[in-house]
Amino acid sequence: MKFMIVGKGSPETEAGELPSQELVDNMHAYNESLTKAGVLLAGEGLYPSSQGAQIAYSGGKASVIDGPFAEAKELIAGFWLIQVKSREEAIEWALRVPVPPGHDGIGLDVWRVFDASDVPDDSMPAEEREREEALRERLGVDQPGA
């Protein structure tokens, strides 16, 4: 099962402040432990929302809204994509994420990632499943259920 651990933004991340060296060291150690356990698929920090955009739809038309966006605590500051055996294991890993001092009330989200293996074989035509698998292979993405 794949899960995404989503780190929430803070006023500091939205201001583009770099974390302390201690937090950077702690994050490196955490990422190394994920890697040694063989569960880390990807993990990145994100720039402040001022460097992003949102796409909004109304009446079937798209419009682009430039950042910055609303409250920092509702924004994403970074993520880890992990592959584990259960929701409980994903939560165990999330509980180990180093949290900087002063971040009370700012938490993490743990979301299960949907993939083609979650769709029953009889509900997806074989041709469509083969296309999905071929696309994942070309992209170098782990096959569903791996």
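Positions are given from 1, in the same order as the sequence printed here.
- For the pair Ser49 (side chain) and Phe69 (backbone), a donor-acceptor distance under 3.5 Å is present.
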Practice prompt. Assess whether side-chain contact (heavy atoms from CB on, under 4.5 Å) is satisfied between Ile5 and Asp109, documenting all intermediate values.
Written response: CA-CA 6 Å; Ile5 301 170; Asp109 289 339; over 6 Å; no
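- Checking Ser20 against Glu22 by side-chain atom types alone, no donor-acceptor pair falls below 3.5 Å.
- Of all non-hydrogen atoms in Ala94 and Val110, the two that sit nearest each other are CB-CG2, 3.6 Å.
- The cluster map of Ile, Leu, Val, Met, Phe, Trp and Tyr, joined by side-chain heavy atoms under 4.5 Å apart, puts Leu34 and Leu23 in the same cluster.
- The main-chain N or O of Trp93 is found under 3.5 Å from a side-chain atom of Tyr30 such that the two form a donor-acceptor pair.
- More than 12 heavy atoms of other residues, nucleotides or ligands sit less than 6.0 Å from atom CD of Gln21.
- Note: the hydrophobic cluster containing Phe79 does not contain Val24 (ILVMFWY, side chain heavy atoms under 4.5 Å, direct or indirect links).
- Hydrophobic clustering (ILVMFWY, side-chain heavy atoms < 4.5 Å, transitive): Leu75 and Tyr47 are in distinct clusters.
- Between Leu108 and Gly7 the shortest heavy-atom distance is CD2-CA, 3.6 Å.
- Side-chain contact between Met1 and Arg112: present, with at least one pair of heavy atoms (C-beta onward) separated by less than 4.5 Å.
- By the 4.5 Å heavy-atom criterion applied to side chains, Met27 and Val97 are counted as neighbours.
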Discussion item. Working note: Ile82 + Leu41, criterion side-chain contact (heavy atoms from CB on, under 4.5 Å); need CA distance, chi angles, decisive distance, verdict.
Written reply: CA-CA 5 Å; Ile82 60 174; Leu41 300 175; 5.9 Å; no
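- Within a 6.0 Å radius of CZ in Arg96, other residues, nucleotides and ligands contribute more than 12 heavy atoms.
- Ring to ring, Trp80 and Phe3 are not that close: their centroids are 6.0 angstrom or more apart.
- The line from CD of Glu88 to CD of Glu92 is 8.0 Å long, rounded to the nearest 0.5 Å.
- Two residues are said to be in side-chain contact when any heavy atoms from C-beta on lie closer than 4.5 Å; Val39 and Glu89 meet this criterion.
- Using a 4.5 Å cut-off on side-chain heavy atoms (C-beta onward), Glu17 and Thr13 make no contact.
- To the nearest 0.5 Å, atoms CG (Leu40) and CD (Glu32) are separated by 11.0 Å.
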Worksheet entry | Evaluation steps, side-chain contact (heavy atoms from CB on, under 4.5 Å), between Lys8 and Ile76 | CA-CA 5 Å; Lys8 299 296 185 119; Ile76 297 171; 5.6 Å; no
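- In this structure, the side chains of Val64 and Ile55 come closer than 4.5 Å at one or more pairs of heavy atoms.
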